[in-house]
There are 2 protein chains.
Amino acid sequence: MSGDGTVGKAMDVLDQVAAFGRPVRFGALLEASPFPKATLYRFLQTLTNQRLLAYDPEHQTYSVGVRLVRLAHAAWNQSSLAPIARPHLDALSHKIGLTVHLAQLDHGQVLYVDKRNATQPIEMFSDAGKIGPAYCTGVGKAMLAFLPEEEQSRVLAQQSYHRFTDQTLADPASLKAELANIVTRGHAYDREEHEPGIICTAVPIRSSKGQVLGGLSITGSTRDTDFTKLDGLVPDLRITAQAIAADAEAWRSPVHLSQATNDTDKVQPKYGGMKQ
Amino acid sequence: MSGDGTVGKAMDVLDQVAAFGRPVRFGALLEASPFPKATLYRFLQTLTNQRLLAYDPEHQTYSVGVRLVRLAHAAWNQSSLAPIARPHLDALSHKIGLTVHLAQLDHGQVLYVDKRNATQPIEMFSDAGKIGPAYCTGVGKAMLAFLPEEEQSRVLAQQSYHRFTDQTLADPASLKAELANIVTRGHAYDREEHEPGIICTAVPIRSSKGQVLGGLSITGSTRDTDFTKLDGLVPDLRITAQAIAADAEAWRSPVHLSQATNDTDKVQPKYGGMKQ
DNA sequence: TTTAAGGTTCCATTATTTGGAACTAGGTTT
DNA sequence: AAACCTAGTTCCAAATAATGGAACCTTAAA
């Protein structure tokens, strides 16, 4: 699938285990794997050694390893919009009192990187890291709409176009038409296209050069809210998105000036600080 | 460092980028890398192709890629205690009104997988995924204390023994003595050993066979609380830890009965659902 | 005790990785 | 403007690691 030599293949195996969503036995993996028994076995060994997988000897099952949680922490901090956007999300959700989502595009899908739920407590990882379809969510369409021509076509061709509800735009043509509307309008709607009873308004987060950095949305249920209400909040959304974009650009720029002075007095110097 | 063929080396590179904590240029990586230029270059290409790294062409910098966030979501859900422990944490933090941490051991270090902060809103990934030292935190010591002999020795030898405060137990001998106390007492203290002004009580989460699954702690500042107060909460901690362990065992057991019926009607069937 | 299925190891073959050196693109000094 | 860096990229023969068919365990049932 990915190619990319041994590392790519190993990642495919990792993805496969992750896709099961629960501990899985060797045989189950083998059945669905393009690799012969011995090869798959060795990959699982390697990944387990690397603690990218965890092996439960009692049940003889593999599951995705916690080392990933650690790496993800770094990823979330250093290459997602989340740390930059945090204060803005706090302010926005406090002001409007509805659920706010921050998302980015990953491999043609919507990756939620942060969330504010005004009423209930936040659901941690269960939301950050969650993925959703791009063609039938507010944030997804807001991001797609402002993608450069070529990239947009590529991503549109990747979508699954599953019909979640009877509002879902389940083919590239109607989606493309909708995206044009979004560009002129400046924001996207989700009209119960993904889940019945759930509507949303979303805007893209774009750099000064117009590059799509992410998306921001307000979500509500049809019981509590409607599009008139949501429309009233669009200015707030826009302002927040712009503020996030501005901060993102301010953060990125000065980075390359100082040459890597690997702070050795840090709390947990990668491996260096640990005896081996 | 890790060995394990090509995949291991690639992971080392990934770790190296993660350790920088910010976007990093090729040259900076090369300086600190055991690999020759061409080799490092190819690894970075491969990892970038795999979206495990993200490359910013403008600044020519690499950072950890968001694909990891996605994988971590799976890891957190399927092989951490967090999803099982969630309701218990909610109940505990609600009842006692102090900060509660849920942690697991990863590679001799404390990996925080969830947190409840009774007063302030939860800080998402900034806490889940965070790592800390095992030898000078409450959860760390609680878990170390109940490790099997051999594993304990191995992990003790891995610690960095940095003296964070003048309370830090900064050598294996005094740590080992303390661990013995923890075993008889049944719970661990952090007496400002990691951060001045921060104290905590922690218990291990152990399976019915005594295996250490994780750790649970209550943290407070010396201004608001003291060990007398914390001691009063230990029974609650214990009960919660036991409940989590019980649920964890109940969840694991029936897993291997049903043979992999890869749900194809799932929302996002890994790649299968997407045209390629 | 035999059979079977699931898992693990072996090892000659095959394919990938390796890294020194040569090359290219920007930017800076002479 | 030419020479000269420095940082990043490509090439390719040699070295190394991955491959997978088959044999071998090990546990659970017949």
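Values reported hereafter were calculated over all heavy atoms of this structure, with side chains retained and with hydrogens, waters and symmetry mates removed.
A salt bridge links B:Arg67 with A:Asp15: the distance from a Lys NZ or Arg NE/NH1/NH2 to an Asp or Glu carboxylate oxygen falls below 4.0 Å. A salt bridge links B:Arg70 with A:Asp106: the distance from a Lys NZ or Arg NE/NH1/NH2 to an Asp or Glu carboxylate oxygen falls below 4.0 Å.
Closest to the side chain of A:Tyr62, from the set C:dG7, C:dT18, C:dT8, is C:dT8. With C:dG7, D:dT9, D:dG8 as the choices, the nucleotide that has an atom nearest any side-chain atom of A:Gln60 turns out to be C:dG7.
A perpendicular orientation is assigned to the rings of A:Tyr41 and A:Phe26, their planes being inclined by more than 60° (bins at 30° and 60°).
Whole-Å rounding puts the A:Tyr55 OH to C:dT8 C1' distance at 10 Å. In this structure, CZ of B:Arg25 is placed 11 Å from C1' of C:dG26, rounded to the nearest angstrom. Between A:Lys9 atom NZ and D:dA17 atom C1' there is a gap of 11 Å when expressed in whole angstrom units. Between B:Leu30 atom CG and C:dG20 atom C1' the separation is 14 Å, expressed in whole Å. Separating the CE atom of B:Met11 from the P atom of C:dT17 is a distance of 14 Å, rounded to the nearest angstrom.
Using a 4.5 Å cut-off on side-chain heavy atoms (C-beta onward), B:His162 and B:Ser160 make contact.
For C:dT16, neither phosphate oxygen OP1 nor OP2 lies less than 4.0 angstrom from any side-chain nitrogen or oxygen of B:Thr6.
Residues from residues 35-45 of chain B lying near DNA chain C, meaning a heavy-atom separation below 4.0 Å, are B:Pro36, B:Ala38, B:Thr39, B:Arg42, B:Phe43 in numerical order.
Side-chain atoms of A:Thr46 come within 3.5 Å of backbone atoms of A:Arg42 as a donor-acceptor pair (strictly under, hydrogens ignored). Here the side chain of A:Gln104 pairs no donor or acceptor atom with the backbone of A:Tyr112 at under 3.5 angstrom.
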